[in-house]
There are 2 protein chains.
Amino acid sequence: MDQMHPVDMGPLPDLIGYMLRRAQVAVFQDVNRCFAEAAIRPADYGVLIVVSKNPGLNQTSVGDALGIKRSNLVPLVDRLERRGLLERRPAADDRRAYALTLTEEGHNVLGRLDAKRAEQEARLKQRIGADRADSLLDMLHRLAAIADDECLPSKTGEQIARARQR
Amino acid sequence: MDQMHPVDMGPLPDLIGYMLRRAQVAVFQDVNRCFAEAAIRPADYGVLIVVSKNPGLNQTSVGDALGIKRSNLVPLVDRLERRGLLERRPAADDRRAYALTLTEEGHNVLGRLDAKRAEQEARLKQRIGADRADSLLDMLHRLAAIADDECLPSKTGEQIARARQR
DNA sequence: TATTGTTATACTCTATAACTATA
DNA sequence: TATAGTTATAGAGTATAACAATA
């Protein structure tokens, strides 16, 4: 039987956190559709972009930039490397680290995704009212900055963890 | 060694999808801090709100309202029931279904969380510029509505899955 | 001593298929 | 036949601890 009465969602539709979540899930589903044929997921795309813009960067720095822990970045980079989109090369100045670079195929894939991304972004902007996109992005940046405020970046999580052990 | 050069994020900071994700993660971390002492997570909060506003609703309807599959709702409701916040009672008109209701303790917990939620929401609004909150929520609703557009609600996922098998 | 990449592990969230008892 | 709740399971994503090699 159908649910004929609409469900009362109470304060949820007016909560920034709740609606951020619903919007993010919907937009990511849309992104995944756009990138499906290339089999590139949002996290993959972030890594490819950062490496393309910062060739030679090491894994820890890529992870920090994207909010991905270095231990979780390993299988992600493994996969991109196996697919021939990205290379781990020895870093010139630090024998512990890898210098990440895109392969030619990596650049090609990223180039093709660029058109799809632009098209999708235009659709999203039209949906919200194109003239409001800048305002939306500004607000999202301010909200994302909460993360920086609360846990001061004076110490890394690992440094804090080690300090706690003593 | 510190990363002295800022990492070039390319187009990511201008992408609605990317910034939605970063903002949502940051805001949820903040919510989790606010609700930590009650040990209530965002999904729990959604269930409690919907059940309090729609006493007697069954699990499938609660899940549909919140975008949670009914199979994933089971352990969530289990936990809330074990904690004495919520009750499964036999539905009057359908012996397959449960009528969900909050216990007195459930209402009490929700009441206490309400103050914290309002305080947190005020902080978020101040951060983005209080007069822009309505505009933000409107845009988030429009983006969340993508999900409804693309997969028409004329058939449920299960109906489609069954149809595909034939 | 600290950091890089790695492994192992655990926990949450999400998605699908199949079952039962009802409808 | 279809639906409500459940179970089992698999896949992501995320978090922590510990290790070898190097700084």
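Order of the sequence lines sets the chain letters (A, B, ...), proteins ahead of strands, with each chain counted from 1.
In this entry the distance linking CG of A:Leu100 with C1' of C:dT4 reads 12 Å, nearest Å. Note: CG (B:Leu57) to C1' (D:dA4) measures 13 Å, nearest angstrom. The CZ-C1' distance, from A:Phe28 to D:dA12, rounds to 13 Å in whole Å. Rounded to whole Å, the distance from OH on A:Tyr45 to C1' on D:dG13 is 21 Å. The distance from atom CZ of A:Arg89 to atom C1' of C:dG5 is 18 Å, rounded to the nearest whole Å. The interatomic distance linking A:Tyr98 (OH) with D:dA20 (C1') rounds to 12 Å, in whole Å. For the pair A:Leu73 CG and C:dT3 C1', the computed distance is 16 Å after rounding to whole Å.
Summary of the strand contacts: A:Ala97 and A:Asp78 both lie near DNA chain C, and taking for each the nucleotide with the nearest heavy atom, the more 5' one is attributed to A:Ala97.
Applying the side chain to side chain donor-acceptor pair (under 3.5 Å) definition to pairs two or more places apart or across chains, those involving residues 100-115 of chain A are A:Asp114-A:Arg117. Identified under the side chain to side chain donor-acceptor pair (under 3.5 Å) test for residues 124-140 of chain A, with sequence neighbours left out: A:Arg127-B:Asp149, A:Arg132-B:Ser135, A:Arg132-B:Asp138, A:Ser135-B:Arg132, A:Asp138-A:Arg142, A:Asp138-B:Arg132.
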Atom pairs, N/O to N/O, protein against nucleotides 21-23 of chain C, distance under 3.5 Å?
{"residue": "C:dA23", "atom": "OP1", "partner": "B:Arg95", "partner atom": "N", "Å": "2.9"}

Give me, pair by pair, the N or O atoms of the protein and of nucleotides 9-15 of chain C that are less than 3.5 Å apart, along with how far apart they are.
{"residue": "C:dT14", "atom": "OP1", "partner": "A:Arg21", "partner atom": "NH2", "Å": "2.7"}
{"residue": "C:dA15", "atom": "N7", "partner": "B:Asn72", "partner atom": "OD1", "Å": "3.3"}
{"residue": "C:dA15", "atom": "N7", "partner": "B:Asn72", "partner atom": "ND2", "Å": "3.0"}
{"residue": "C:dA15", "atom": "N6", "partner": "B:Asn72", "partner atom": "OD1", "Å": "3.0"}

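A:Gln120 CD to A:Cys34 SG: the interatomic distance, rounded to the nearest 0.5 Å, is 4.5 Å.
With sequence neighbours excluded, no residue forms a side-chain contact (heavy atoms from CB on, under 4.5 Å) with B:Ala118. B:Val77 pairs by the side-chain contact (heavy atoms from CB on, under 4.5 Å) definition with B:Gln59, B:Leu73, B:Leu86, B:Arg88, B:Leu100, not counting sequence neighbours. With sequence neighbours excluded, no residue forms a side chain to side chain donor-acceptor pair (under 3.5 Å) with A:Glu121. B:Ala36 meets the side-chain contact (heavy atoms from CB on, under 4.5 Å) test with no other residue; sequence neighbours excluded. By the ring-ring contact (aromatic ring centres under 6.0 Å, His included) test, A:Tyr45 pairs with A:Phe35, sequence neighbours left out.
Here C:dG5 is the nucleotide among C:dG5, D:dT6, D:dA4 with the atom lying nearest to any side-chain atom of A:Arg70. Distance from the side chain of A:Val74 is smallest to C:dT7 among C:dT7, C:dT4, D:dT7.
Annotation for B:Ala23 and A:Leu143: closest pair CB-CB, 4.0 Å, computed over non-hydrogen atoms.
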